[in-house]
4 protein chains.
Amino acid sequence: MEIQQWREFLIPYEQAVQELVIKFQNIIREYTSLGQYSPIEQVNGRVKKISSILEKVDKKNMELSDVEERIEDIAGVRIICQFVEDIGTVVDLIRGRQDMEIIAEINYVAHKKASGYRSYHIIVKYPVQTVFGRRIVKAEIQIRTLAMNFWATIEHSLRYKYQGGLPQDVQDRLQKAAEAAYHIDREMSSIRSEIIDAQEAFKEKSNL
Amino acid sequence: MEIQQWREFLIPYEQAVQELVIKFQNIIREYTSLGQYSPIEQVNGRVKKISSILEKVDKKNMELSDVEERIEDIAGVRIICQFVEDIGTVVDLIRGRQDMEIIAEINYVAHKKASGYRSYHIIVKYPVQTVFGRRIVKAEIQIRTLAMNFWATIEHSLRYKYQGGLPQDVQDRLQKAAEAAYHIDREMSSIRSEIIDAQEAFKEKSNL
Amino acid sequence: MEIQQWREFLIPYEQAVQELVIKFQNIIREYTSLGQYSPIEQVNGRVKKISSILEKVDKKNMELSDVEERIEDIAGVRIICQFVEDIGTVVDLIRGRQDMEIIAEINYVAHKKASGYRSYHIIVKYPVQTVFGRRIVKAEIQIRTLAMNFWATIEHSLRYKYQGGLPQDVQDRLQKAAEAAYHIDREMSSIRSEIIDAQEAFKEKSNL
Amino acid sequence: MEIQQWREFLIPYEQAVQELVIKFQNIIREYTSLGQYSPIEQVNGRVKKISSILEKVDKKNMELSDVEERIEDIAGVRIICQFVEDIGTVVDLIRGRQDMEIIAEINYVAHKKASGYRSYHIIVKYPVQTVFGRRIVKAEIQIRTLAMNFWATIEHSLRYKYQGGLPQDVQDRLQKAAEAAYHIDREMSSIRSEIIDAQEAFKEKSNL
């Protein structure tokens with residue numbers, strides 16, 4: 001495909017990302033204007049670069065005609081939460097929506113990748129209206145805590161810079177850092193629930 | 001209703017406006033990246049102010065409970081075109097979409113208002129997904145040329161500033177200005193089609 | 001220059017456009033939050049495309065090294081006003097600013113171009129801070145009414161589509177349309193000042 | 001002060017935040033278009049809410065007339081970096097700019113707060129141009145890593161929700177979490193520099 005054809009191919013994916021980002025950002029606005037805690041802290045989106053798509057085609061030994069079917073993260077949305085428990089709340093919100101259809105869920109929070117990576121991935125089918133009619137595209141929604149995002153951002157950055165592959169000892173240290181980050185995540189959650197518990201105990205007492 | 005209740009009431013309308021604006025702006029991007037002329041020049045949106053809603057409630061002697069049903073422009077989107085003919089193209093694009101349902105069309109281009117106002121209005125039902133489930137809201141889409149928009153912006157501005165009502169002679173002069181603006185619009189269109197005709201005549205000749 | 005070098009060359013111009021657009025849009029916000037009429041209706045900006053720069057280089061027979069000095073509209077900002085008188089107000093606002101330095105003013109409102117084009121152009125020097133230090137770039141600010149903008153947008157669009165040059169009779173008709181648009185502009189202004197006059201006369205009477 | 005007066009008071013701060021955010025985001029764009037690693041990962045900004053300003057006035061027992069002089073974070077910008085070393089690079093970039101004047105630097109990275117909080121704070125004077133002339137406002141720029149930001153976001157959220165004050169044992173646990181987060185930060189940096197060292201060693205060898 002020529003550059004121009006790629007650009008046309010990516011148009012519906014760009015639309016999908018823009019619409020999905022707006023929609024998830026509106027969840028934050030909704031909770032905020034109701035004066036409630038939002039399980040979503042931040043939303044970002046991006047369309048995969050042509051060069052990255054081609055790399056994946058190469059690596060997976062695909063036909064170009066399979067790109068649409070087999071590369072599921074051409075449209076990518078990232079949802080960042082404060083606490084680990086918020087991830088579940090967000091997953092439920094997405095399951096309850098009628099404007100996208102979930103085709104897969106991969107729970108890398110409970111079952112981390114070998115690298116140490118944690119996130120909850122949902123693949124959806126999302127309809128966009130183009131000038132030539134309705135098109136249904138796939139999009140990958142990644143849901144993760146601030147700590148998981150911190151680790152993933154740095155790991156990505158290291159992997160990107162040192163393309164030859166990370167030496168084994170660096171990989172080991174990254175894995176340990178991932179565990180340490182996850183440990184803080186759970187510690188933060190337990191502080192949170194401990195305070196909630198304490199407040200409820202107090203309320204009960206004062207109701208006696 | 002209290003301010004806070006109004007804010008909550010307006011949330012789905014704000015979402016609708018944001019999504020619709022993004023969607024119509026993407027039509028411009030689509031045509032542009034295909035290297036084609038876009039029938040849409042510009043897209044804006046706004047949610048009606050609470051004070052304006054209350055004014056309308058008062059003027060039309062409505063119950064507050066009728067607001068949702070009877071005020072159709074709480075969510076408003078404005079699409080600006082270069083040429084009068086583009087309006088029809090945009091109307092057809094909207095008619096062909098599956099993500100909104102047209103419930104009314106009012107052709108103030110062919111049948112101007114007494115004030116001289118021209119625009120094509122489409123009222124749609126548009127589904128938004130809130131934290132509490134799916135909500136269907138009404139939105140008004142106004143489609144007009146740059147010249148119609150120029151006139152309407154100034155007329156609105158005059159009407160707003162001189163709230164007591166415009167004196168009859170000013171109204172007459174505004175009507176004439178509207179006609180003059182529409183005359184330029186048709187002149188611009190005829191120049192456009194004349195050039196297209198001339199080019200086609202030339203092509204035919206050179207094909208002899 | 002290679003594409004990459006052009007991209008680097010254009011970075012400070014992109015910064016300048018972004019900053020200038022934000023700054024002029026803030027003038028609208030300032031008037032609006034003071035509950036006052038804003039002399040600015042709308043602000044847009046764009047950086048000249050590389051292909052358009054090269055065309056100009058070609059047409060003017062320049063050296064590439066002269067681009068920065070001689071092409072003054074690489075960074076371009078457009079300010080749209082409702083009424084002709086607003087143009088003067090905006091010019092004064094720009095003259096009073098200390099964050100940009102005016103190096104030229106061209107009054108195409110009073111002295112229209114042969115084509116019929118009207119706008120007020122101000123060329124400024126504007127400092128941007130890059131990673132490599134402070135850079136001063138030129139930017140062209142075009143100030144025009146909605147009606148002037150309507151005409152200019154359509155004329156640009158016609159000129160662009162029919163690149164061989166517009167036939168003389170089309171040019172004549174465009175010129176007439178420009179005059180008609182300007183006539184409406186002055187008519188709109190006179191309605192406005194007439195209402196203001198009428199209101200002041202009324203106030204005086206009631207003060208007797 | 002009435003709400004309306006507060007709104008007017010905050011206008012130049014809103015301008016400052018918007019301009020500063022655009023300017024720091026442009027640093028990311030600059031590095032990216034040069035194909036280089038950006039020491040800035042993300043930029044956010046906000047104007048302090050009126051209610052928070054009043055709380056601070058109350059707590060510090062200030063006169064309202066002292067707000068402008070004594071509250072230095074009415075305009076707030078947050079710069080997020082990947083690695084601890086990037087903070088220094090960003091500080092140097094700010095020190096080198098001519099469009100803002102540094103009036104204070106507080107190094108909470110080297111010298112954490114009692115709570116465990118880490119960030120580098122820079123207070124600047126920044127000139128904005130209003131309709132009524134030039135105004136110089138103060139702004140606080142916070143520079144921190146993703147990990148410091150993760151911790152600070154959650155701590156803020158806990159503090160906000162449990163307003164009565166955090167119990168001592170929760171404070172202790174938050175402090176430990178802050179230390180753990182900082183430990184990961186340094187670990188990540190050491191992995192980074194280790195890889196760089198390894199690559200340089202390799203280059204030297206291959207140059208023999």
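To find a chain, count down the sequence lines: A is the first, B the second, and so on, and within it residues start at 1. All values below come from the heavy atoms of this structure, side chains included, with hydrogens, waters and symmetry mates left out.
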Open item on the list: Does this structure show an ion pair linking C/R7 with C/E14, if we count only N-O contacts that are shorter than 4.0 Å?
Closed with: no

TODO: With a 4.5 angstrom heavy-atom cut-off, could you sort out which part of D/L34 is near chain C: side chain, backbone, both or neither?
DONE: both

- [ ] Among D/V128, D/N26, D/I11, single out the residue with the greatest number of heavy-atom pairs under 4.5 Å to chain C.
- [x] D/N26

Task: Atom pair CD (D/E68) and OH (D/Y13), whose distance is rounded to the nearest 0.5 Å - done: 4.0 Å

Open item on the list: With chain D as the partner, which of C/K23, C/E8, C/Q4 has the greatest number of non-hydrogen pairs under 4.5 Å?
Closed with: C/K23

TODO: Using the six-membered ring wherever Trp is involved, compare the ring planes of C/W151 and C/Y117 and label them parallel, tilted or perpendicular (cut-offs 30° and 60°).
DONE: tilted

Open item on the list: Whether D/R118 and D/E179 form a salt bridge (side-chain N of Lys/Arg under 4.0 Å from carboxylate O of Asp/Glu) is what I want to check.
Closed with: yes

